[in-house]
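Encoded as structure tokens, the structure appears first; notes follow it.
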Amino acid sequence: MSRKALVVGGTGPSGVYIVDFLLAAGYEVAVFNSGRHDSGVSFAGPVERLYGDARDEASFSAATAGRTWDVAVCTNGKLRMLATQLAFKTQRFVGITGQPVYRGAARRTPDGGIALPVPEWSPRQSESGGYTGKVAEGEDQLFAQHGRGEFEAVIVRYPGVYGPRAPINHEWAVVKRVIDRRPFMLMPHDGMSYFQRGYAENVAWLVFLAATRPEAAGHAFNSGDERVLSARRVAELIADELGWPMEFIGIPAQYVSGVFPLAEKAPLILDMSKARTLLGYRDRVDPEPATRETARWLRDHPPADGEITSAAGTFDYASEDRVAAMWREATAAFPLASGGK
């Protein structure tokens, strides 16, 4: 008898990979989503489609009534509602949350107020009244349901996900400047922020392991690339891949706010040792070729205005030209470092 899996979402940047990994492992997969993001999406095999609103209890209940699964992976929607609805209907429930749940994770560079790397047992922002507080409450509910035997709960905390079709367009800040043939790019704090990213295929692979490995039951796992690149290295790889010799001018972030938001983030590196040790996780794609692939995809599929998020930054080239000229004039008289001699 074949195993059955439900993926809530399933058509996002990591969702397609999750579905395909489950299909390759022999699962019969049902995908529940609204259908709004189905354009251009294809799976590696036959998939049952269930349509509805993952944020609406009546809609989800109607679409899944009388059904049971071996695995349910919820990549979007109201996590607590989905968990309540799937109690005793799935053997394992994998809930996707995110790194903002950690206390002190949302800071701007050069704040160094959080010890790195961040393990899964780090304090969470449970007291927050906003999104992060709700995420912590959702995680607590899942583990409470796990304790009551309603399903085996596993939590995977996503980083900043990048890759084809990813909605957070940090890399677009560089790709667009290459397309526009800008001779330089202002680099907040010289791009020396190391912020946890995760290529879509990599985080999807960790989700698949979390969904299928017996050892994962009852655990929360960080996810992301095993190696974290600096914001400057990300920009250098993109410019090199697209063949444009753009100069990067390091300037304190307070003078260039919004130009490259990835470089304005305070360093945040997630501890991946638990996933490596318990699940045998390893990156399927190294972050350098993954960044190059993302650059090519964004060049060939530039986002429409409505698809660009604040993560892509601003593109006020006239202001950037003025700031660069002022910076060069202000620093022209400074002697070059002589290595202490």
Practice item. Tell me, yes or no, whether the heavy-atom count around Arg36 atom CZ, taken from other residues, nucleotides or ligands under 6.0 Å, exceeds 12. Key: no

Point to revise | Minimal non-hydrogen separation, Val156 against Ala210, with atom names | key: CG2-CB, 3.8 Å

Exercise for review: Ignoring hydrogens and angles, state whether a donor on the side chain of Tyr51 or Asp53 is under 3.5 Å from an acceptor on the partner side chain.
Suggested key: no

Exercise for review: Give the C-alpha distance, both sets of side-chain angles, the deciding distance and a yes or no for ring pair (Phe, Tyr, Trp, His ring centres under 6.0 Å) between Phe248 and Phe184.
Suggested key: CA-CA 6 Å; Phe248 298 109; Phe184 65 85; over 10 Å; no

Check your understanding: Which class fits the ring pair Phe221 and His219: parallel under 30°, tilted 30 to 60°, perpendicular over 60°?
Key -> tilted

**Study point:** Trace of the ring pair (Phe, Tyr, Trp, His ring centres under 6.0 Å) decision for Tyr17 with Trp205
**Key:** CA-CA 8 Å; Tyr17 286 114; Trp205 180 242; over 10 Å; no

Point to revise | Enclosure of Lys78 NZ (heavy-atom neighbours >12, cutoff 6.0 Å) | key: no

Review point. Thr291 and side-chain hydrogen bond (donor to acceptor under 3.5 Å, both in side chains): which partner among Arg233, Arg197, Glu241?
Key: Arg197

Point to revise | Mutual orientation of the aromatic rings belonging to His146 and Phe143 [parallel < 30°, tilted 30-60°, perpendicular > 60°] | key: perpendicular

Exercise for review: Give a yes or no on whether Glu329 atom CD has more than 12 heavy-atom contacts from other residues, nucleotides or ligands under 6.0 Å away.
Suggested key: no

Check your understanding: Any side-chain heavy atom of Arg67 within less than 4.5 Å of one from Glu48?
Key -> yes

Exercise for review: From the options Glu139, Gln125, Lys134, select the one residue that forms a side chain to side chain contact (heavy atoms under 4.5 Å, CB included) with Val101.
Suggested key: Glu139

Check your understanding: Between Trp172 and Ile179, is any pair of side-chain heavy atoms under 4.5 Å apart?
Key -> yes

Practice item. Quick one: pull up CG in Asp271 and OG in Ser122 and give me the separation to the nearest 0.5 Å. Key: 8.0 Å

Practice item. Kindly indicate whether a cation-pi arrangement holds for Arg181 with Trp244, taking the cut-offs as under 6.0 Å to the six-membered ring centre and within 45° of the axis. Key: yes

**Study point:** Nearest non-hydrogen partners of Ala220 and Lys274, listed with the distance
**Key:** O-NZ, 3.0 Å

Review point. For the atom pair CG (Asp190) and OG (Ser230), what is the distance rounded to the nearest 0.5 Å?
Key: 9.0 Å

Review point. Will you find, in the side chains of Tyr27 and Thr212, an N or O donor that is under 3.5 Å from an N or O acceptor?
Key: no

Review point. Should the pair Tyr199 and Tyr162 be assigned to parallel (<30°), tilted (30 to 60°) or perpendicular (>60°) ring geometry?
Key: tilted

Review point. Is it the case that Ser319 and Arg322 place a side-chain donor and acceptor less than 3.5 Å from each other?
Key: yes

Review point. Is the shortest heavy-atom distance from the side chain of Thr11 to the side chain of Arg49 under 4.5 Å?
Key: yes

Review point. Atom SG in Cys74, atom CG in Leu142: separation rounded to 0.5 Å?
Key: 8.0 Å

Review point. Do the side-chain N and O atoms of Asn76 and Asn33 include a donor-acceptor pair separated by under 3.5 angstrom?
Key: no

Review point. In a check of side chain to side chain contact (heavy atoms under 4.5 Å, CB included) between Arg292 and each of Leu242, Asp240, Ile238, which one passes?
Key: Asp240

Review point. To the nearest 0.5 Å, what is the distance between CD (Glu264) and OG (Ser193)?
Key: 9.5 Å

Check your understanding: Just how far is it from atom CG of Leu270 to atom CD of Glu120, taken to the nearest 0.5 Å?
Key -> 8.0 Å

Check your understanding: Can you say whether the rings of Trp327 and Tyr255 are parallel (under 30°), tilted (30 to 60°) or perpendicular (over 60°)?
Key -> tilted

Point to revise | Minimum heavy-atom distance Glu150-Ala87, with the two atoms named | key: OE1-CB, 3.3 Å

Review point. Between the side chains of Thr294 and Glu171, does any donor sit under 3.5 Å from an acceptor?
Key: no

Practice item. Locate the shortest heavy-atom distance separating Leu206 from Asn222; write the atom from each residue and the value. Key: CD1-O, 3.4 Å

Point to revise | Closest contact, heavy atoms only, Phe151 versus Ala83 | key: CE2-O, 3.5 Å

Check your understanding: Can you tell me how far the CD atom of Glu137 sits from the CG atom of Leu79, to the nearest 0.5 Å?
Key -> 11.5 Å

**Study point:** Phe32 and Phe60 aromatic ring geometry - parallel, tilted or perpendicular at 30°/60° bounds
**Key:** perpendicular

Check your understanding: Of the options Arg177, Lys176, Arg182, which is the one that meets Asp180 in a side-chain hydrogen bond (donor to acceptor under 3.5 Å, both in side chains)?
Key -> Lys176

